[in-house]
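Note sheet for the following structure.
As the structure is a computational prediction, the values presented were derived from the model and not from experiment.
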Amino acid sequence: MLNHFCFLLWAGVVANILLSSPGFAGEVLDRILARGYITMNGVPDWPPFSSKNENGDYVGFDVDVANEVAHRMGVEVRRLENIVTWGEETGGNWNGKIDISIGSMTPTAKRGENLDFPAIYTYAIASLAVHKDNTSIRTPADASGKRIGALQAATYELYLRRVPFEIEGMPPFAYQIDDPIVVTYPETESDVFKALAKGDGVELDALVNYLPTLMSIIQEGMPFRIIGQPLYRAPQAVAIEPGDPELAARLKQIIDEMRADGTLTKLSMKWFDFDMTKP
């Protein structure tokens, strides 16, 4: 009986060791642990979420969150600049180009057809902005029927086209802009900013982006004004491709720990001066 008990104990220990080793993780988690780094899409032009400083290093809220997640996994982050467009990142089928997305992605039902969202780590606020020389748009409603720019496949485009978000737990909101002419830019956020910066009505009449980003680029010198109250507030999630429940479970565990120990709140206060991590 004692020998039988010892065998069961030994077998359990061996099983735990094997299951915790890279070879017995999910496919993507196994790849990450084996090589010692996570690949992510590098976004150099979207402060304060992700941008490059004067030394060429990535900085920002999403950058810090991703670095901390990687640290707790015992690996590093490698950012491959614009290796996929935002439309490709939200569409899934990454074909090994990136492992994980920690880039303020809203977990819509449409995106959920090709991606898994293991954990929500913050809640973003979207606002309307116009060129500083604009005098006709004083409220979001005044932008009805106007040319409004947005990154293609971003939630800003969904909002402007009134495509249902279908996000459980998303705070309710009312549409404030009717029948805009939606002008999308497929590559980067900076393309939208540059278009409006050309002048009032030259290429765009307004744009939609997240409020902290608008505040940041205005402070850096972009000639914009923020209009009225925010348009909507949406959860932002870590995203992975389906089929790796072990990776999903590990990411959820890490984000839960970062929320419980105050790390997410600390990073939010660092970059936004207020806590955007609570619903």
query: According to the ring-ring contact (aromatic ring centres under 6.0 Å, His included) rule, which pairs have a member within residues 62-97, sequence neighbours left out?
result: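 Passing the test, one end in residues 62-97: no pairs.
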Side-chain heavy atoms of [X] within contact of [Y], under 4.5 Å:
X: Val65; Y: Met258; answer: yes
X: Leu128; Y: Ile137; answer: yes
X: Phe193; Y: Thr213; answer: yes
X: Lys194; Y: Asp45; answer: no
X: Glu157; Y: Gln152; answer: yes
X: Leu204; Y: Val183; answer: yes
X: Leu80; Y: Lys97; answer: no
X: Leu231; Y: Phe173; answer: no

Look up atom [atom1] in [X] and atom [atom2] in [Y], then write down how far apart they are to the nearest 0.5 Å.
X: Ile167; Y: Thr106; atom1: CD1; atom2: OG1; answer: 5.5 Å
X: Ser144; Y: Asp179; atom1: OG; atom2: CG; answer: 7.5 Å
X: Ile240; Y: Leu247; atom1: CD1; atom2: CG; answer: 4.5 Å
X: Ser50; Y: Glu189; atom1: OG; atom2: CD; answer: 10.5 Å
X: Asp205; Y: His131; atom1: CG; atom2: NE2; answer: 12.0 Å
X: Glu89; Y: Arg111; atom1: CD; atom2: CZ; answer: 9.5 Å

field: side-chain contact (heavy atoms from CB on, under 4.5 Å) between Met73 and Leu251, intermediate numbers included
entry: CA-CA 9 Å; Met73 290 179 69; Leu251 290 169; 4.2 Å; yes
- prompt: What do the steps show when you test Val192 against Asn209 for side-chain contact (heavy atoms from CB on, under 4.5 Å), and what is the final call?
  reply: CA-CA 9 Å; Val192 189; Asn209 211 288; 5.8 Å; no
Polar side-chain atom of [X] near backbone of [Y] as donor-acceptor pair, under 3.5 Å:
X: Thr39; Y: Asp99; result: yes
X: Asp142; Y: Thr139; result: yes
X: Asp261; Y: Thr263; result: yes
X: Arg147; Y: Gly201; result: yes
X: Thr108; Y: Phe165; result: no
X: Arg79; Y: Val63; result: yes
X: Asn41; Y: Ile83; result: yes
X: Gln236; Y: Ala234; result: yes
X: Asp244; Y: Glu27; result: yes
X: Glu241; Y: Asn93; result: yes

[X], [atom1]: over 12 other non-hydrogen atoms inside 6.0 angstrom:
X: Glu76; atom1: CD; result: no
X: Gln219; atom1: CD; result: no
X: Arg78; atom1: CZ; result: no
X: Asn53; atom1: CG; result: yes
X: Gln229; atom1: CD; result: no
X: Met215; atom1: CE; result: no

Going only through I, L, V, M, F, W and Y residues with side-chain contacts under 4.5 Å, is there a path from [X] to [Y]?
X: Leu33; Y: Ile102; answer: yes
X: Phe61; Y: Met269; answer: no
X: Val163; Y: Ile148; answer: yes
X: Ile32; Y: Val77; answer: yes
X: Ile217; Y: Tyr58; answer: no

query: What about Tyr210 and Phe272, are their ring centers closer than 6.0 Å?
result: no
query: Is the ring centre of Tyr175 less than 6.0 Å from the ring centre of Tyr232?
result: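 When the ring centroids of Tyr175 and Tyr232 are compared, they turn out to be at least 6.0 Å apart.
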Which heavy-atom pair separates [X] from [Y] by the least distance, and what is that distance?
X: Pro235; Y: Pro107; result: O-CD, 3.3 Å
X: Ile177; Y: Pro140; result: CG1-O, 3.3 Å
X: Ile125; Y: Pro230; result: CG2-CB, 3.3 Å
X: Tyr185; Y: Ala195; result: OH-CB, 3.2 Å

Pairs under 3.5 angstrom only: tabulate donor-acceptor contacts from the side chains of residues 112-122 to other protein residues two or more places apart or in another chain.
from: Asn114; atom 1: ND2; to: Gly91; atom 2: O; distance (Å): 3.4
from: Tyr121; atom 1: OH; to: Asp62; atom 2: OD1; distance (Å): 2.8
from: Tyr121; atom 1: OH; to: Ser104; atom 2: N; distance (Å): 2.8
from: Thr122; atom 1: OG1; to: Met276; atom 2: O; distance (Å): 2.9

field: Residues Leu207, Tyr156; criterion side-chain contact (heavy atoms from CB on, under 4.5 Å); working and verdict
entry: CA-CA 9 Å; Leu207 62 78; Tyr156 331 127; over 6 Å; no
- prompt: Will you find, in the side chains of Thr188 and Ser190, an N or O donor that is under 3.5 Å from an N or O acceptor?
  reply: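 Result is yes, a qualifying pair exists.
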task: For Leu160 and Val208, run side-chain contact (heavy atoms from CB on, under 4.5 Å): C-alpha distance rounded to whole Å, both residues' side-chain angles, the deciding distance at 0.1 Å, then the answer.
output: CA-CA 9 Å; Leu160 292 169; Val208 177; 4.1 Å; yes
Any residue meeting side chain to side chain donor-acceptor pair (under 3.5 Å) with Arg162, in chain and number order, not counting sequence neighbours: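 In terms of side chain to side chain donor-acceptor pair (under 3.5 Å), with neighbours along the sequence ignored, Arg162 is linked to Asp178.
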Salt bridge present between Arg250 and Glu246 (N-O < 4.0 angstrom):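 Looking at Glu246 together with Arg250, the answer is no, because their closest N to O distance does not fall below 4.0 Å.
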